Asker: 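Can you keep this structure in mind? I'll have questions shortly.
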Amino acid sequence: MKPIGLVDGQLVDLNENVVPMEDRGHQFGDGVYEVTKVYNGHCFALKQHLDRLFRSLKELRIPAAYTPEELAEFHGNLIKESGITEGSVYLQITRGVAPRVHSFPDKVVPRLTMAIRPANPAANQELWANGAKVITAPDERWLRCDIKSLNLLGNILAKQKAKEAHCFEALMVRDGVVSEGSSSNFAVVKDGVIWTHPVNNLILKGVTRTIVVEELAPALDISVLEKGFSPEFMKTAQEAFLMGTSTEIMPVVGIDKAVVGDGTVGEITRKIQQAYVAKINRECKR
Ligand code: PDD
């Protein structure tokens with residue numbers, strides 16, 4: 001079992017130097033990415049990730065060099081060749097190699113790079129069980145957060161603030177509204193209703209969020225309100241949780257200096273978390 005890379009369909013050693021100086025991803029962050037989790041040797045929700053990838057490419061006017069079927073095959077090759085059954089696959093597509101000029105090259109040959117790495121199964125267990133603490137931070141990102149672009153400066157600066165505060169995540173606040181986490185979506189539970197930011201240009205439409213909103217909550221008969229809320233409102237909520245591919249369903253028990261609810265994982269959060277794990281187990285035959 002070893003991490004392994006792939007460049008334009010060819011398997012490579014992860015330590016190989018494969019990025020040319022003039023790649024626009026390297027120079028401008030001119031590209032898009034996806035992260036998919038692997039459970040029991042199966043990519044979870046791969047179709048949804050690939051659908052979003054093609055949407056991101058379209059929004060940035062980067063041509064798609066591969067079909068979804070080919071990309072799915074590459075995911076399979078990485079799993080097979082690496083022997084990794086529990087891990088994650090990172091995929092990025094850039095606008096390719098060209099002399100460094102801001103406008104698009106006349107002829108774009110997009111570059112695909114991928115990597116598979118094993119998961120650390122112990123990493124989040126305690127936090128999934130007992131909940132995580134988070135901070136709030138100003139949302140300093142651009143206005144197309146719906147595109148999963150390689151440009152993550154606002155996200156990484158916010159996540160670093162969380163790390164320095166010994167917290168798991170930073171919730172980003174723009175114009176008095178909580179948008180999402182630096183690498184996850186966010187929801188609170190108030191009087192039995194799940195509140196989460198609506199899908200628009202200010203958040204990434206997370207695959208995990210979509211599963212919760214469109215599938216798990218309705219099946220559990222829990223109402224969802226896709227509506228922005230303020231940090232003050234958030235601190236009156238009884239429960240809170242994060243949603244993301246790596247984060248999965250992560251209960252939140254503390255925000256800044258405030259305790260969420262009674263400081264333990266809430267009932268609705270736990271139900272959503274259990275339903276999410278059950279779906280993974282079903283679809284990945286664990
Ligand atoms: N992050 N919002 C942001 C800003 C994200 O970066 C992510 C995912 C999500 C959740 O999306 P999904 O449920 O589709 O993973 C929301 C990935 C995992 C990352 O950057 O590593």
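Counting convention: from 1, in listed order, for ligands and their atoms alike. In this text the structure is predicted, and so the values were computed from the model without any measurement.
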Asker: Tell me which protein heavy atom sits closest to atom 6 (O) of ligand 1, plus the residue, atom name and distance to 0.1 Å.
Answerer: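 The closest heavy atom on the protein side is Ser183 CA, 3.4 Å.
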Asker: Is there at least one pair of N or O atoms, one from His49 and one from ligand 1, spaced under 3.5 Å apart?
Answerer: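 By distance alone, the answer is no.
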Asker: Closer than 4.0 angstrom: is that true for some heavy atom of Tyr90 and an atom of ligand 1?
Answerer: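 Flag not set, Tyr90 not near ligand 1.
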Asker: Quick check: are there more than 12 heavy atoms from other residues, nucleotides or ligands sitting under 6.0 Å from CD of Gln125?
Answerer: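 Enclosed: over 12 neighbouring heavy atoms sit under 6.0 Å from CD of Gln125.
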Asker: Within the supplied structure, the quantity of interest is the number of heavy atoms (other residues, nucleotides, ligands) at a distance under 6.0 Å from Asp175 CG; does it exceed 12?
Answerer: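 No.
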Asker: Would you please say whether a donor-acceptor pair under 3.5 Å links the side chains of Gln273 and Glu248?
Answerer: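 Result is no, nothing qualifies.
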Asker: Examine Glu180 against ligand 1 and note whether any of their N/O atoms are separated by less than 3.5 Å.
Answerer: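 Such a contact does occur with ligand 1.
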Asker: Could you tell me whether ligand 1 has any atom less than 4.0 Å away from a heavy atom of Lys205?
Answerer: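 Lys205: no contact with ligand 1 (<4.0 Å).
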Asker: Would you check whether Arg209 has a nitrogen or oxygen atom less than 3.5 angstrom from a nitrogen or oxygen atom of ligand 1?
Answerer: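 For ligand 1, there is no N or O atom that lies under 3.5 Å from one belonging to Arg209.
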Asker: For ligand 1, indicate whether the residue Thr247 contacts it via side chain, backbone, both or neither (heavy-atom separation under 4.0 Å).
Answerer: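 Neither part.
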Asker: Would Lys159 and Phe168 count as a cation-pi pair here, with the cationic atom under 6.0 angstrom from the ring centre and within 45° of the axis?
Answerer: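 The answer is yes; both the distance and angle limits are met.
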Asker: Which residue supplies the protein heavy atom nearest to atom 19 (C) of ligand 1, what is that atom called, and how far is it?
Answerer: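 Atom 19 (C) of ligand 1 sits closest to the protein heavy atom Tyr33 OH, 3.7 Å.
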Asker: Nearest 0.5 angstrom please: Thr210 OG1 to Glu215 CD, how far?
Answerer: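 The CD atom of Glu215 is 10.0 Å from OG1 of Thr210, to the nearest 0.5 Å.
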Asker: Which one holds for Cys145 and ligand 1: side chain close, backbone close, both close, or neither close, with close meaning a heavy atom under 4.0 Å?
Answerer: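 Answer for Cys145: neither.
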Asker: Which distance, rounded to the nearest 0.5 Å, do you find between the OG of Ser223 and the CG of Asp191?
Answerer: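 Here the rounded value is 11.5 Å.
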Asker: Rounded to the nearest 0.5 Å, how far does CD1 of Ile4 lie from CG of Asn15?
Answerer: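 Spacing of CG (Asn15) from CD1 (Ile4) equals 11.5 Å.
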Asker: Ion pair present between Lys47 and Asp51, side-chain N to carboxylate O less than 4.0 angstrom?
Answerer: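 Here Lys47 pairs with Asp51 in a salt bridge, since their nearest N and O are under 4.0 Å apart.
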Asker: Out of the candidates Asn185, Leu127, Val134, only one should pair with Leu242 under the side chain to side chain contact (heavy atoms under 4.5 Å, CB included) rule; please name it.
Answerer: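 Exactly one pass, corresponding to Val134.
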Asker: Which atoms of ligand 1 have any heavy atom of Thr245 under 4.0 Å away?
Answerer: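 Answer for ligand 1: 12 (P), 13 (O), 14 (O), 15 (O).
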Asker: I need the His102 NE2 to Asp30 CG distance, nearest 0.5 Å.
Answerer: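 One finds 10.5 Å between NE2 of His102 and CG of Asp30.
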Asker: Would you say ligand 1 has an N or O under 3.5 Å from any N or O of Arg141?
Answerer: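 Min N/O separation from ligand 1 is not below 3.5 Å for Arg141.
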Asker: Which atoms of ligand 1 have any heavy atom of Asn185 under 4.0 Å away?
Answerer: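 Those of ligand 1 that fall under 4.0 Å from Asn185 are 10 (C), 16 (C).
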Asker: Out of curiosity, Glu283 CD to Asn40 CG, how far, rounded to the nearest 0.5 Å?
Answerer: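 The CD atom of Glu283 sits 13.0 Å away from the CG atom of Asn40.
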Asker: If you count the atoms of ligand 1 from 1 in the order shown, which ones are under 4.0 Å from a heavy atom of Asn155?
Answerer: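 So the answer, numbered in order with elements, is 4 (C).
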Asker: Taking distance alone, with no angle check, do Thr208 and ligand 1 share an N/O pair under 3.5 Å?
Answerer: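 Yes, since at least one N or O of Thr208 sits under 3.5 Å from an N or O of ligand 1.
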Asker: Examine the proximity of ligand 1 to Val35 and report which part, side chain or backbone, both or neither, has a heavy atom under 4.0 Å away.
Answerer: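 Within the 4.0 Å criterion, Val35 contacts ligand 1 through side-chain atoms alone.
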Asker: At a 4.0 Å cut-off, with the gap strictly under it, does some heavy atom of Lys148 reach an atom of ligand 1?
Answerer: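 A heavy atom of Lys148 does come that close to ligand 1.
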Asker: Looking at ligand 1, does any of its N/O atoms fall within less than 3.5 Å of an N/O of Gly206?
Answerer: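 N/O-N/O distance under 3.5 Å: no.
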